[in-house]
Amino acid sequence: VPAHRNLYWKLNWYRHSELEGALLLGKVVRAAADQELILALTRHCAEEAHHAWLWADTLHQMRLPFVRIFRSYQSFYLEHAGMPLGLAEVLALTHVFERRVHWRFTQELAQPRLPAPVRRTFRVLLKDERRHLDWVGRWLATQPEGADLLRRFQAIDEQVYLALAPYTDRIWDIPGLGEESGSVAHADAIHQALVG
Ligand SMILES: [Fe+2]
Ligand SMILES: [Fe+2]
């Protein structure tokens with residue numbers, strides 16, 4: 001096992017979680033009726049997509065391997081919660097997830113031996129995260145079901161955190177998370193079987 005294996009698995013997982021966050025937010029824009037909300041959601045979606053790109057670029061700059069990731073961090077919430085249906089649910093899930101992200105990234109930044117490109121990316125993301133936490137928190141406070149939804153997702157977030165904590169230093173062992181490119185050969189074999 002290469003010493004930096006956990007690092008590149010983690011950064012690939014972050015890359016993918018950002019991207020799925022963007023996709024989820026992009027999908028709920030259609031549920032928004034007023035200009036201010038459409039503007040905020042679209043910007044939020046764009047910034048999450050940008051975060052995914054920043055991780056992809058960081059991995060590339062550092063010549064770290066790309067890992068195919070099958071599921072985001074947030075997808076583990078959905079095992080407990082089911083698929084969030086409406087705008088308020090999506091934003092409550094997003095808010096709880098972003099609180100977790102903010103806490104986690106702050107911890108990561110405190111590590112002394114973090115490579116400089118990774119440190120730079122964490123800093124950019126944390127700055128955006130504070131703005132995301134601010135607007136979503138304020139919006140949820142105006143929703144009658146906001147507080148209940150936050151409590152519900154907060155409890156789920158704690159369960160997910162505890163379930164994943166044992167994998168902190170061996171992220172590749174999280175069942176079904178991803179596939180390292182050793183399996184390119186495997187993908188080729190599947191392709192051959194399909195195409196002949
Ligand atoms: Fe993000
Ligand atoms: Fe965010």
Side-chain angles (χ1 to χ4, degrees), residues 7-29 31-32 36-62 64 66-67 69-78 81 83-84 86-111 114-115 117-143 146 149-150 152-154 156-158 160-161 164 168 171 174 177-178:
L7 177 68
Y8 67 74
W9 268 81
K10 183 161 65 184
L11 300 188
N12 275 283
W13 194 21
Y14 290 170
R15 169 182 61 72
H16 189 79
S17 299
E18 298 282 359
L19 195 54
E20 281 196 18
L23 293 171
L24 187 62
L25 288 159
K27 272 192 198 148
V28 293
V29 175
E36 206 187 331
L37 187 56
I38 292 172
L39 191 64
L41 280 169
T42 306
R43 182 179 183 184
H44 199 149
C45 167
E47 285 177 349
E48 300 307 355
H50 181 65
H51 295 172
W53 156 248
L54 287 178
W55 283 130
D57 192 43
T58 304
L59 284 158
H60 177 69
Q61 276 179 37
M62 293 177 66
L64 288 170
F66 277 70
V67 178
I69 300 289
F70 301 129
R71 54 185 309 183
S72 62
Y73 189 93
Q74 307 90 296
S75 74
F76 289 91
Y77 294 2
L78 306 183
M83 198 54 199
L87 183 56
E89 280 193 342
V90 166
L91 284 179
L93 179 149
T94 298
H95 196 57
V96 165
F97 171 63
E98 292 187 322
R99 275 189 204 149
R100 175 65 68 188
V101 166
H102 190 276
W103 173 82
R104 180 72 214 173
F105 285 8
T106 305
Q107 270 194 334
E108 302 240 25
L109 266 177
Q111 289 173 10
L114 207 58
V118 178
R119 185 177 296 278
R120 266 198 300 278
T121 301
F122 275 132
R123 286 223 178 93
V124 174
L125 268 51
L126 270 172
K127 205 165 129 256
D128 288 345
E129 226 45 78
R130 281 190 279 274
R131 210 179 41 253
H132 296 170
L133 284 166
D134 178 60
W135 94 260
V136 177
R138 281 187 292 113
W139 185 83
L140 284 168
T142 67
Q143 300 303 302
L149 285 172
L150 280 176
R152 195 175 121 222
F153 281 109
Q154 189 65 47
I156 291 168
D157 172 69
E158 273 149 34
V160 168
Y161 176 74
L164 294 175
T168 304
I171 282 167
I174 296 172
L177 187 68

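In listed order, ligands and their atoms are each counted from 1.
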What atom name does the N, O or S atom of E129 nearest to the Fe ion (ligand 2) carry? OE2

Kindly say whether the aromatic ring centers of F122 and W55 come within a distance under 6.0 Å. yes

Geometric cation-pi criterion, R100 with Y161: 6.0 Å, 45°: yes

For a 4.5 angstrom cut-off between non-hydrogen side-chain atoms, does L164 reach Y73? yes

Using modelled atom types and a 3.5 Å cut-off, is there a donor and acceptor pairing between side-chain atoms of R15 and backbone atoms of I69? no

Between R123 (side chain only) and L109 (backbone N and O only), is there a donor and an acceptor less than 3.5 Å apart? no

Does any N, O or S atom of D128, backbone or side chain, fall under 2.8 Å from the Fe ion (ligand 2)? no

Checking only N/O/S atoms, does E47 have one that is under 2.8 Å from the Fe ion (ligand 2)? no

Return yes when at least one N/O/S atom of E18 is nearer than 2.8 Å to the Fe ion (ligand 1), and no when none is. yes

Give, rounded to 10 degrees, the angle between ND1 (H132) and OE2 (E48) as seen from the Fe ion (ligand 2). 90°

Kindly indicate, with the supporting measurements, whether the criterion salt bridge (Lys or Arg N to Asp or Glu O under 4.0 Å) is fulfilled by R130 and D134. CA-CA 6 Å; R130 281 190 279 274; D134 178 60; over 6 Å; no

Do any of the N/O/S atoms of H51, backbone or side chain, fall under 2.8 Å from the Fe ion (ligand 2)? no

Please determine whether E98 has a backbone or side-chain N, O or S atom lying under 2.8 Å from the Fe ion (ligand 1). no

